[in-house]
Amino acid sequence: MRRARPGAVPRGTGGSPHARRAVGEERALTSVEAGEDFDDEQQPEAVSKRETVSKADARAEKRPVSKLWHITLSVSGAESPLTEVRRGLEQLAHDHPFLLTSRYANDHAEIRYWEEARDLHDAAAVALRLWGEHRSSAQLPPWEIVGLEVIDRETYHQRIAEGYGPPPAAPVGVHPF
């Protein structure tokens, strides 16, 4: 967490280092849209005409439509100090902002997050690379992936509704088992 004077412009925002907001002036918030080929068929009333056209274009060009996949990645290995495991998982959450929650012990961890991909194979491939690609940058323990579950959004919500799925990822963050 970075601490700064009230009204200070965060670094990397492109603003002048001397620029300040007036007292009481609020920052404008913006949202980031999903890619043009993101599948929003789960909520058809939310689909605008523009999005429908782009989906039709994607299908006409035979481009697959992206979906959201819920990923649960389990890793395990030799014991590591809990403080190092926690710090590594917190850094991974910082590096990979779509991370929902992580649970950990000194010899294993479970990471849950949402991934956007066109099919299960792509989502699984990205998930299988996550630990190895971030091992150095987040200083994660040298553990191996021992489990992977990839389910689509509909299946995830169906499991939750029926009471036999994983509990919803709340609280979000890094927590011990």
Side-chain angles (χ1 to χ4, degrees), residues 1 29-48 51-52 54-56 58-59 63-135 138 140-177:
M1 174 185 223
L29 298 177
T30 60
S31 63
V32 178
E33 293 183 18
E36 286 186 15
D37 63 341
F38 181 74
D39 184 13
D40 201 7
E41 291 178 5
Q42 305 295 338
Q43 301 170 347
E45 67 278 358
V47 178
S48 71
E51 290 169 335
T52 304
S54 64
K55 282 183 189 178
R59 290 185 183 109
R63 282 189 293 140
V65 176
S66 293
K67 292 176 60 173
L68 281 178
W69 301 89
H70 185 266
I71 309 291
T72 304
L73 184 69
S74 300
V75 294
S76 181
E79 289 189 10
S80 294
L82 284 176
T83 54
E84 289 182 22
V85 174
R86 180 180 181 93
R87 188 210 39 74
L89 289 172
E90 286 173 344
Q91 182 63 45
L92 177 62
H94 177 75
D95 294 347
H96 195 275
F98 300 106
L99 195 77
L100 289 177
T101 187
S102 296
R103 298 187 306 166
Y104 65 95
N106 61 352
D107 63 346
H108 65 283
E110 177 186 271
I111 301 163
R112 295 174 52 204
Y113 67 98
W114 289 97
E115 184 68 60
E116 182 181 352
R118 64 188 167 123
D119 59 24
L120 180 131
H121 298 286
D122 287 349
V126 171
L128 289 170
R129 289 192 312 262
L130 178 72
W131 189 262
E133 288 180 354
H134 290 276
R135 186 177 291 157
L140 296 166
W143 295 344
E144 293 184 23
I145 296 172
V146 295
L148 174 65
E149 180 184 55
V150 181
I151 57 175
D152 66 355
R153 183 169 58 176
E154 183 178 304
T155 303
Y156 175 82
H157 288 297
Q158 180 181 4
R159 285 183 180 182
I160 297 300
E162 293 175 356
Y164 66 88
V172 172
V174 178
H175 307 282
F177 270 105

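Quick caveat, the model's predicted, so the values are computed rather than measured.
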I need the [X] [atom1] to [Y] [atom2] distance, nearest 0.5 Å.
X: Glu110; Y: Leu89; atom1: CD; atom2: CG; answer: 11.0 Å
X: Ile151; Y: His70; atom1: CD1; atom2: NE2; answer: 6.5 Å
X: Thr72; Y: Tyr113; atom1: OG1; atom2: OH; answer: 9.5 Å
X: Leu128; Y: Leu148; atom1: CG; atom2: CG; answer: 5.0 Å

Where does the angle between the aromatic ring planes of Trp114 and His157 fall among parallel (under 30°), tilted (30 to 60°) and perpendicular (over 60°)?
parallel
Does the [X] side chain pair with the main chain of [Y], one donor and one acceptor, at a distance under 3.5 Å?
X: Trp143; Y: Ala78; answer: yes
X: Arg112; Y: Arg103; answer: no
X: Arg87; Y: Ala138; answer: yes
X: Ser76; Y: Asp107; answer: yes

Could I get the full list of ring-ring contact (aromatic ring centres under 6.0 Å, His included) partners for His108, not counting sequence neighbours?
Phe177
Where [X] and [Y] come nearest, the two heavy atoms and their spacing:
X: Val85; Y: Ser80; value: CG2-CB, 3.8 Å
X: Glu116; Y: Ser66; value: OE2-CB, 3.3 Å
X: Asp122; Y: Asp119; value: N-OD1, 2.9 Å
X: Ala123; Y: Val150; value: CB-CG1, 3.9 Å
X: His134; Y: Leu140; value: O-CD1, 3.7 Å

With a 6.0 Å cut-off (strictly less than), is the heavy-atom count around CD of Glu133, excluding the residue itself, greater than 12?
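Yes, because the 6.0 Å sphere around CD of Glu133 holds more than 12 heavy atoms from other groups.
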Under 4.5 Å between any side-chain heavy atoms of [X] and [Y], yes or no?
X: Val65; Y: Lys67; answer: no
X: Leu68; Y: Tyr156; answer: no
X: Leu73; Y: Ile145; answer: yes
X: Leu82; Y: Arg86; answer: no

